[in-house]
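Heads up, the thing below is written out as structure tokens.
Counting from 1, the numbers follow the sequence of the chain as shown.
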Amino acid sequence: MPDRQEKKYEQLLRDAGCSEKVLAHCKAVYDVALEYAQRDTLVAVDLVREGAMLHDIGRGSSHTILHAQQGADLLRAQGISEEVARIVECHTGAGLTADECTLLGLSPRDCIPRTTEEKIVTHADNLIEGRKRVIIDESIASAIHLPKKVRRRIYHLAQDVELLCS
């Protein structure tokens, strides 16, 4: 049964216009992210919980790559912590450089996950397709449309998180 915080996050997602499908995906990412977060005593587990549950809040208004920045901006406008907003902003693939954001028509922000918490949520999102858990090789294979350097970044992020949380 979901706890009070999880219900609060679900309500924020619903209020942002997210579908039940998006909520189910966020819950699946939440579960995987917690597995990793609980392996390392230095990880801010509550931050991972909130970031994982809210990582796709921008999908209430966009199902494009823009959803990450829109979600982060929405959370900032609602007074949610900058740490959570950064998790949301950085969670796509293995993040985007400011130059990559510009090329994609996004605001030119550094959206590369830097903190352990940002990396955990990003990696957990890469391990969930819909609600189904996959291995990183499957995730990278389904991202064949992305440039090789981006797929390589996803792979290195996975290795980094596995080492950090082993």
Side-chain angles (χ1 to χ4, degrees), residues 8-10 12-19 22-23 25-30 32-34 36-37 40 42-129 136 139-140 142-165:
K8 174 187 158 190
Y9 306 144
E10 287 177 21
L12 286 170
L13 290 164
R14 283 189 180 93
D15 291 347
C18 294
S19 67
V22 170
L23 263 76
H25 168 75
C26 289
K27 288 177 191 177
V29 170
Y30 173 93
V32 173
L34 280 182
Y36 282 95
D40 185 339
L42 299 177
V43 171
V45 176
D46 287 341
L47 182 56
V48 170
R49 284 179 203 271
E50 192 169 3
M53 207 48 204
L54 297 175
H55 80 279
D56 268 350
I57 195 165
R59 293 227 182 255
S61 57
S62 175
H63 280 277
T64 69
I65 192 75
L66 185 60
H67 81 279
Q69 285 188 358
Q70 285 182 336
D73 291 345
L74 174 66
L75 293 176
R76 288 180 180 111
Q78 292 182 359
I80 304 292
S81 75
E82 180 59 23
E83 292 86 356
V84 172
R86 280 283 304 164
I87 289 172
V88 170
E89 193 165 59
C90 297
H91 83 272
T92 56
L96 298 165
T97 66
D99 287 344
E100 290 167 337
C101 285
T102 300
L103 290 172
L104 291 167
L106 305 172
S107 297
R109 305 177 194 169
D110 173 25
C111 297
I112 298 290
R114 307 274 181 213
T115 68
T116 302
E117 293 81 8
E118 291 167 1
K119 291 176 181 181
I120 287 171
V121 173
T122 301
H123 179 55
D125 188 41
N126 288 336
L127 296 178
I128 299 294
E129 290 183 1
I136 195 62
S139 180
I140 293 169
S142 69
I144 196 69
H145 62 283
L146 297 175
K148 188 174 184 175
K149 74 176 185 175
V150 173
R151 294 191 316 265
R152 189 174 292 136
R153 192 183 310 147
I154 293 169
Y155 178 75
H156 289 297
L157 174 75
Q159 287 182 317
D160 194 21
V161 172
E162 293 295 339
L163 284 172
L164 285 167
C165 300

Legend entry - Side-chain donor/acceptor of Arg59 to backbone N/O of His67, under 3.5 Å: no

Legend entry - Point-to-point distance, once rounded to the nearest 0.5 Å, from OG1 of Thr97 to NZ of Lys149: 6.0 Å

Inset, instruction - State the CG-CG distance between Asp40 and Leu164, to the nearest 0.5 angstrom. - result: 7.0 Å

Inset, instruction - First locate atom CD of Glu162, then atom CG of Leu157, and finally report the distance between them rounded to the nearest 0.5 Å. - result: 10.0 Å

Legend entry - Ala28: side chain to side chain contact (heavy atoms under 4.5 Å, CB included) partners, not counting sequence neighbours: Ile128

Inset, instruction - Measure the shortest side-chain to side-chain distance between Lys119 and Thr116 over non-hydrogen atoms and say whether it is less than 4.5 angstrom. - result: no

Inset, instruction - Could you tell me whether Lys27 and Glu10 make a salt bridge, using a distance below 4.0 angstrom between a side-chain N and a carboxylate O? - result: yes

Legend entry - Glu117 side-chain N/O to Ala44 backbone N/O, donor-acceptor pair under 3.5 Å: yes

Inset, instruction - Using modelled atom types only, decide if a donor and an acceptor are shared between the side chain of Arg49 and the backbone of Leu34 within a distance under 3.5 Å. - result: no

Inset, instruction - Report yes or no: does Asp110 contribute a side-chain atom to a donor-acceptor pair with the main-chain N or O of Ala98 at less than 3.5 Å? - result: no

Inset, instruction - Using the test side chain to side chain donor-acceptor pair (under 3.5 Å), find all partners of Gln70 that sit at least two apart in sequence or belong to another chain. - result: Ser61

Legend entry - Minimum-distance pair of heavy atoms, taken over all atoms of Ile136 and Leu127: N-CD2, 3.7 Å

Legend entry - Between CG on residue Leu146 and CZ on residue Arg151, distance to nearest 0.5 Å: 7.0 Å

Inset, instruction - Start with the C-alpha gap between Thr115 and Glu83, add the side-chain angles, then the distance that decides, and say whether side-chain contact (heavy atoms from CB on, under 4.5 Å) holds. - result: CA-CA 9 Å; Thr115 68; Glu83 292 86 356; over 6 Å; no

Inset, instruction - Go through the structure and list residues passing side chain to side chain donor-acceptor pair (under 3.5 Å) with Asp125, not counting sequence neighbours. - result: His25, His55

Inset, instruction - Enter the distance from Cys26:SG to Leu12:CG here, rounded to the nearest 0.5 Å. - result: 11.5 Å

Legend entry - Minimum-distance pair of heavy atoms, taken over all atoms of Ala124 and Val32: CB-CG1, 3.8 Å

Legend entry - Full working for salt bridge (charged side-chain N to carboxylate O under 4.0 Å, His left out) between Glu89 and Arg86: CA-CA 5 Å; Glu89 193 165 59; Arg86 280 283 304 164; 3.7 Å; yes

Inset, instruction - State, to 0.1 Å, how close Cys101 and Gln69 come at their nearest heavy-atom pair, and which atoms those are. - result: SG-NE2, 3.6 Å

Legend entry - With Thr64 via side chain to side chain donor-acceptor pair (under 3.5 Å) - residues at least two apart: Ser62

Legend entry - Closest non-hydrogen atom pair, Ile120 against Ala33: CG2-O, 3.5 Å

Inset, instruction - Check Thr92 against Ala68 and note the closest heavy-atom contact, atom names and distance. - result: CG2-CB, 3.8 Å

Inset, instruction - Could you check if a side-chain atom of Leu13 sits within less than 4.5 angstrom of a side-chain atom of Met53, using non-hydrogen atoms only? - result: yes

Legend entry - Val29 side chain near Asp56 side chain, heavy-atom distance below 4.5 Å: no

Inset, instruction - Considering non-hydrogen atoms only, spot the tightest contact between Val88 and Leu54 and give its length. - result: CG2-O, 3.6 Å

Legend entry - All ring pair (Phe, Tyr, Trp, His ring centres under 6.0 Å) counterparts of Tyr36, not counting sequence neighbours: His123

Inset, instruction - For Glu129, enumerate each residue passing the salt bridge (charged side-chain N to carboxylate O under 4.0 Å, His left out) test, keeping only those at least two apart in sequence or located in another chain. - result: none

Legend entry - Spacing of Tyr9 atom OH and Arg14 atom CZ [to the nearest 0.5 Å]: 15.0 Å

